[in-house]
Amino acid sequence: MYNKLMKCLASVRERTNFKPDVALILGSGLGDFANEIDITDTIDYTDIEGFPISTVKGHAGRFVFGYVEKTPVVIMQGRVHYYEGYQMADVVLPTRLMGMMGAKKILLTNAAGGCNPKFKPGDLMMITDHITTAVPSPLIGANIEELGTRFPDMSEVYSKRLQEVIKTCAQKCGVVLQEGVYVQFTGPNYETPAEIKMAQSWGGDAVGMSTACEAMAARHMGIEVCGISCITNMAAGISKVELNHKEVQETADRISKLFKQLVSTIVVSM
Ligand code: HPA
């Protein structure tokens with residue numbers, strides 16, 4: 001895996017020498033944030049040998065390099081998910097690669113289902129912690145010593161410092177910010193009502209199909225992590241209507257202007 005990462009890095013370095021400080025992964029509805037920054041370079045994922053490519057419609061796949069004000073950022077416009085059939089180690093390859101490009105901090109974003117009954121669709125939730133019990137760890141397999149230790153600590157995956165930054169930025173942007181624990185499931189199916197009850201009993205506030213594995217891989221290599229979920233729907237059983245991708249996208253699109261404003265404020269304050 002480390003060799004594969006080094007090959008991907010060489011492939012990136014053939015095209016750009018850009019050194020990002022902040023890495024950003026854009027979830028559903030946020031993709032066009034990348035088009036609004038001061039872009040210096042872009043690299044299509046298909047131009048990086050060995051790179052996992054998303055098969056989901058609307059998940060355009062490329063790295064965008066550039067500046068948000070003075071902050072050098074690398075943005076993943078589109079991510080891969082475990083449900084597409086990749087090994088977890090491949091799912092987090094792009095995250096690791098951004099760390100190897102030089103990113104010291106990462107902001108993860110996603111669309112998620114709300115399982116905290118106090119939430120409503122359109123809410124933004126700062127991730128305070130996560131539960132990945134329902135998916136394999138991306139760190140399974142030979143440890144990559146060059147990146148981090150075999151048994152990494154996960155007692156503060158989401159940086160307390162960055163959580164304070166996010167809260168301050170939310171206030172500045174006039175965003176009412178929820179906070180809570182993100183539970184990752186495999187997808188691609190939405191959860192059953194019984195699974196959502198389980199997630200609630202575990203202490204989960206939101207459920208989704210990404211992010212926690214990326215957060216874990218980033219922590220493993222010492223990157224400072226933070227994350228925000230857009231609650232696009234209430235999770236199965238709480239919502240009395242059937243869940244569908246269209247509803248998820250519609251809510252994500254409805255909130256995207258505010259979300260983008262918040263993300264941009266956070267990136268320059270990280
Ligand atoms: N469950 C899992 N992932 C999701 C959901 C959900 O309800 N909504 C958006 N992503």
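Hydrogens, waters and symmetry mates play no part in the numbers below; they use all other heavy atoms, side chains included. Just so you know, ligand 1 is whichever comes first in the structure, and atom 1 is the first atom listed for that ligand. As the structure is a computational prediction, the values presented were derived from the model and not from experiment.
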Per-atom contacts of ligand 1 with [X], taking only distances under 4.0 Å to non-hydrogen atoms:
{"X": "Met209", "answer": "2 (C), 3 (N)"}
{"X": "Thr232", "answer": "8 (N), 9 (C)"}
{"X": "Ala111", "answer": "9 (C), 10 (N)"}

Can you report which non-hydrogen protein atom sits closest to [atom], along with the distance?
{"atom": "atom 5 (C) of ligand 1", "result": "Gly113 N, 3.4 Å"}
{"atom": "atom 2 (C) of ligand 1", "result": "Glu191 OE2, 3.1 Å"}
{"atom": "atom 3 (N) of ligand 1", "result": "Gly208 CA, 3.4 Å"}

Contact check, side chains of Met98 and Ile223, non-hydrogen atoms, under 4.5 Å: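 Of all side-chain heavy-atom pairs linking Ile223 with Met98, none is under 4.5 Å.
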
Flag side-chain contact, heavy atom, 4.5 Å: Val263 against Leu107: yes

Contact check: Tyr190 vs ligand 1, nitrogen or oxygen atoms, below 3.5 angstrom: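 No: no nitrogen or oxygen of Tyr190 is under 3.5 Å from one in ligand 1.
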
How close do [X] and [Y] get, counting heavy atoms only, and between which atoms?
{"X": "Thr232", "Y": "Ala111", "answer": "CG2-CB, 3.6 Å"}
{"X": "Phe33", "Y": "Leu24", "answer": "CE2-CD2, 3.5 Å"}
{"X": "Pro152", "Y": "Leu139", "answer": "CG-CD1, 3.6 Å"}

Residues which pass side chain to side chain donor-acceptor pair (under 3.5 Å) with Asp153, listed by chain and number, not counting sequence neighbours: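 Residues passing side chain to side chain donor-acceptor pair (under 3.5 Å) with Asp153: Ser155.
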
Donor-acceptor pair, side chain of Ser159 and main chain of Cys226, under 3.5 angstrom: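 Absent.
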
Heavy-atom distances under 4.0 Å decide this one: backbone, side chain, both or neither, for [X] against ligand 1?
{"X": "Ala112", "answer": "backbone"}
{"X": "Asn233", "answer": "side chain"}
{"X": "Val207", "answer": "both"}

